[in-house]
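Right, one structure below, let's go through it.
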Amino acid sequence: MTQHQWEALLAVTRGQRLDKPLCGFIIDSPWLPGWGGESSILDYYASETVWLDVNLKAIRTFPSAVFLPGFWSEYGMCTEPSAFGARLVWHENELPFAERLGQSDEQALRLDKPDVRTAGLLPFTLRRLQHARPAIEAEGHAIRFAVARGPLNIASFLMGTTEFLMAMQLDPEGTHAMLGVITDFLEDWLKLQAATLPTIRGVMLLDDIVGFLGADDAAAFAAPYLKRAFAAIDSDVRLFHNDANGTECAPLLDGIGVNLFNFSFEHPIAEMRERVGGGVALLGNIPPRDVLAAGTPDDVRRAVAAMKHALGHDYSRVIFSCGGGIPPGVSTANLQAFLDEAAR
């Protein structure tokens with residue numbers, strides 16, 4: 001992210017009114033290797049050169065787009081579960097998977113906090129950014145975000161999603177203890193990223209499992225742990241991604257400390273604006289798969305124009321995007337159509 005883009009991002013989160021919408025997109029391994037066309041997904045994870053080259057290609061092809069978090073060093077969903085000892089399964093052209101830790105009887109797992117300096121894939125994740133930093137900064141960009149999966153997301157990979165959701169009801173005390181350990185770990189991990197890369201001034205947490213909860217459970221099992229994680233470092237942008245149901249968590253976000261929310265395309269952006277209140281900016285929200293990936297450039301233009309209309313051309317606290325990360329199959333033509341229509 002360039003300094004100009006970072007300042008524009010800050011302007012949106014602070015509620016400054018813009019004449020033209022800012023466009024930003026979450027990009028990572030589901031999209032980049034296929035779009036880049038020069039490597040398999042496995043090569044993208046295994047080679048620092050392949051990873052850097054395709055990320056550089058993206059910022060050069062779409063210089064007006066703000067890519068979030070920008071040069072994301074990740075291994076699919078495997079990074080944080082690997083620190084707790086999850087077995088990882090890799091494929092040539094499919095996303096990797098972290099297997100759960102043994103069998104669960106719907107009682108919460110008793111976890112020990114990993115050492116973020118040495119555990120799992122964490123050292124490789126951070127070292128990739130250290131190695132790439134000179135090339136990134138030579139392009140006029142900087143690493144702005146500390147990034148992690150959220151506490152409930154990690155718990156669901158370690159236990160299994162159904163088992164974790166059942167444990168919340170059958171073993172609430174144990175679930176709180178487990179989430180406490182995971183959040184202790186997340187605080188350490190975010191702090192280490194920020195200490196290693198002093199250009200970091202943002203936090204991005206991704207946790208779709210929050211969207212599986214009702215209002216009471218979101219307040220009890222999600223909000224306290226997300227709030228702790230977002231507060232781990234001093235930051236200016238606190239981006240939360242949940243493209244499952246966002247209606248129950250939306251009113252909690254301001255109190256959690258979130259000031260930018262990426263949410264499901266199934267929620268109309270004007271409705272979500274009301275739900276989050278005046279302190280949270282929105283990142284969204286045309287359909288990522290059915291329009292941005294599977295539609296034509298004209299379909300994309302119509303969707304962006306409709307979003308402008310729905311907002312009454314008031315672009316304060318809104319970053320134009322899709323409702324989630326960029327999915328596989330999004331073409332250069334479709335993404336450029338999005339940017340062109342937004343700029344009209």
Side-chain angles (χ1 to χ4, degrees), residues 28-30 41-42 45-46 72-92 94-128 146-193 204-213 217-218 220-230 232 240-244:
D28 57 345
S29 51
I41 293 176
L42 187 58
Y45 296 132
W72 186 359
S73 181
E74 45 89 22
Y75 294 91
M77 297 286 191
C78 291
T79 307
E80 289 81 14
S82 75
F84 288 90
R87 179 176 177 266
L88 310 180
V89 180
W90 303 91
H91 303 280
E92 188 70 33
E94 297 177 20
L95 296 176
F97 190 81
E99 293 187 346
R100 65 185 190 179
L101 298 180
Q103 298 299 312
S104 170
D105 58 359
E106 296 168 351
Q107 298 295 302
L109 298 173
R110 296 182 180 180
L111 300 174
D112 294 321
K113 185 181 72 167
D115 185 339
V116 296
R117 298 168 300 176
T118 60
L121 292 168
L122 304 190
F124 298 94
T125 302
L126 200 51
R127 190 59 59 91
R128 175 189 286 171
V147 186
R149 303 288 170 180
L152 283 74
N153 177 276
I154 296 170
S156 72
F157 270 93
L158 299 179
M159 286 192 70
T161 301
T162 300
E163 291 78 8
F164 170 63
L165 294 172
M166 290 296 294
M168 288 173 51
Q169 308 306 316
L170 299 176
D171 183 17
E173 183 177 350
T175 300
H176 279 297
M178 178 178 64
L179 290 171
V181 173
I182 294 172
T183 306
D184 290 343
F185 155 79
L186 283 173
E187 290 176 315
D188 289 351
W189 178 221
L190 295 167
K191 287 176 180 177
L192 179 62
Q193 292 176 61
M204 175 175 160
L205 295 178
L206 305 96
D207 204 322
D208 296 338
I209 303 302
V210 176
F212 289 52
L213 308 184
D217 284 338
F221 289 97
Y225 303 106
L226 288 169
K227 184 174 183 177
R228 278 180 51 197
F230 274 113
F240 181 53
H241 162 91
N242 164 29
D243 61 0

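Sequential numbering from 1 along the given sequence is applied to the chain's residues. The basis for the numbers below is simple: all heavy atoms, side chains too, and nothing from hydrogens, waters or symmetry mates.
- Note that CH2 of Trp90 and CG of Leu42 are 7.5 Å apart. Values are rounded to the nearest 0.5 Å.
- Here the straight-line distance linking atom SG of Cys78 with atom CD of Glu99 works out to 10.0 Å at 0.5 Å rounding.
- By the ring pair (Phe, Tyr, Trp, His ring centres under 6.0 Å) test, Phe157 pairs with Phe97, sequence neighbours left out.
- Counting heavy atoms from C-beta on, the side chains of Phe164 and Thr161 never come closer than 4.5 Å.
- Under the 3.5 Å distance criterion, the side-chain polar atoms of Ser82 are matched with a main-chain donor or acceptor of Leu121.
- Take Ser29 and apply the side chain to side chain contact (heavy atoms under 4.5 Å, CB included) test, not counting sequence neighbours, and it matches Tyr44, Tyr45, Glu74, Leu95.
- Across all their heavy atoms, Asn153 and Ile209 have their closest contact at CA-CG1, 3.8 Å.
- In this structure Arg127 satisfies the salt bridge (Lys or Arg N to Asp or Glu O under 4.0 Å) test with no other residue, sequence neighbours excluded.
- With sequence neighbours excluded, the residues satisfying side-chain hydrogen bond (donor to acceptor under 3.5 Å, both in side chains) with Asp217 are Gln169.
- The CG atom of Leu158 sits 11.5 Å away from atom CZ of Arg100, with the distance rounded to the nearest 0.5 Å.
- Taking the side chain as every heavy atom from C-beta outward, Asp115 and Asp188 never approach each other to under 4.5 Å.
- For the ring pair (Phe, Tyr, Trp, His ring centres under 6.0 Å) test, no residue two or more places apart in sequence or in another chain qualifies with Phe124.
- Scanning both residues, Glu80 and Ala148, for their nearest heavy atoms gives OE2-CA, 3.3 Å.
- Contact of the Gln193 side chain with the Leu190 side chain is registered, since non-hydrogen atoms from C-beta on lie closer than 4.5 Å.
- Residue pairs meeting the side chain to side chain donor-acceptor pair (under 3.5 Å) criterion with at least one partner in residues 171-183, sequence neighbours excluded, are His176-Tyr225.
- The two atoms that bring Thr79 and Thr125 nearest to each other are CG2-OG1, 3.5 Å, heavy atoms only.
- The two residues Lys113 and Phe185 have their closest heavy-atom pair at CD-N, 3.8 Å.
- Remark: Leu205 CG to His241 NE2 distance equals 11.5 Å, nearest 0.5 Å.
- Side-chain atoms of Leu179 and Pro151, non-hydrogen and from C-beta on, do get closer than 4.5 Å to each other.
- The distance from atom CG of Leu101 to atom CZ of Phe84, rounded to the nearest 0.5 Å, is 9.0 Å.
- In plain terms, the two heavy atoms of Pro114 and Ala119 that are nearest each other are CB-CB, 3.8 Å.
- Residues that satisfy the salt bridge (Lys or Arg N to Asp or Glu O under 4.0 Å) test with Glu94, not counting sequence neighbours, are absent from this structure.
- The CG atom of Leu126 sits 5.0 Å away from atom CH2 of Trp189, with the distance rounded to the nearest 0.5 Å.
- Looking at residues two or more places apart in sequence or on another chain, you find a side chain to side chain contact (heavy atoms under 4.5 Å, CB included) between Ala244 and Asp208, Phe212, Asn242.
- Looking only at side-chain heavy atoms (C-beta outward), Leu186 and Ile154 come within less than 4.5 Å of each other.
- When every heavy atom of Leu213 is checked against every heavy atom of Met168, the shortest pair comes out as CD2-CE, 3.5 Å.
- Residues satisfying the salt bridge (Lys or Arg N to Asp or Glu O under 4.0 Å) criterion with Arg228, sequence neighbours excluded, are Asp184, Glu187.
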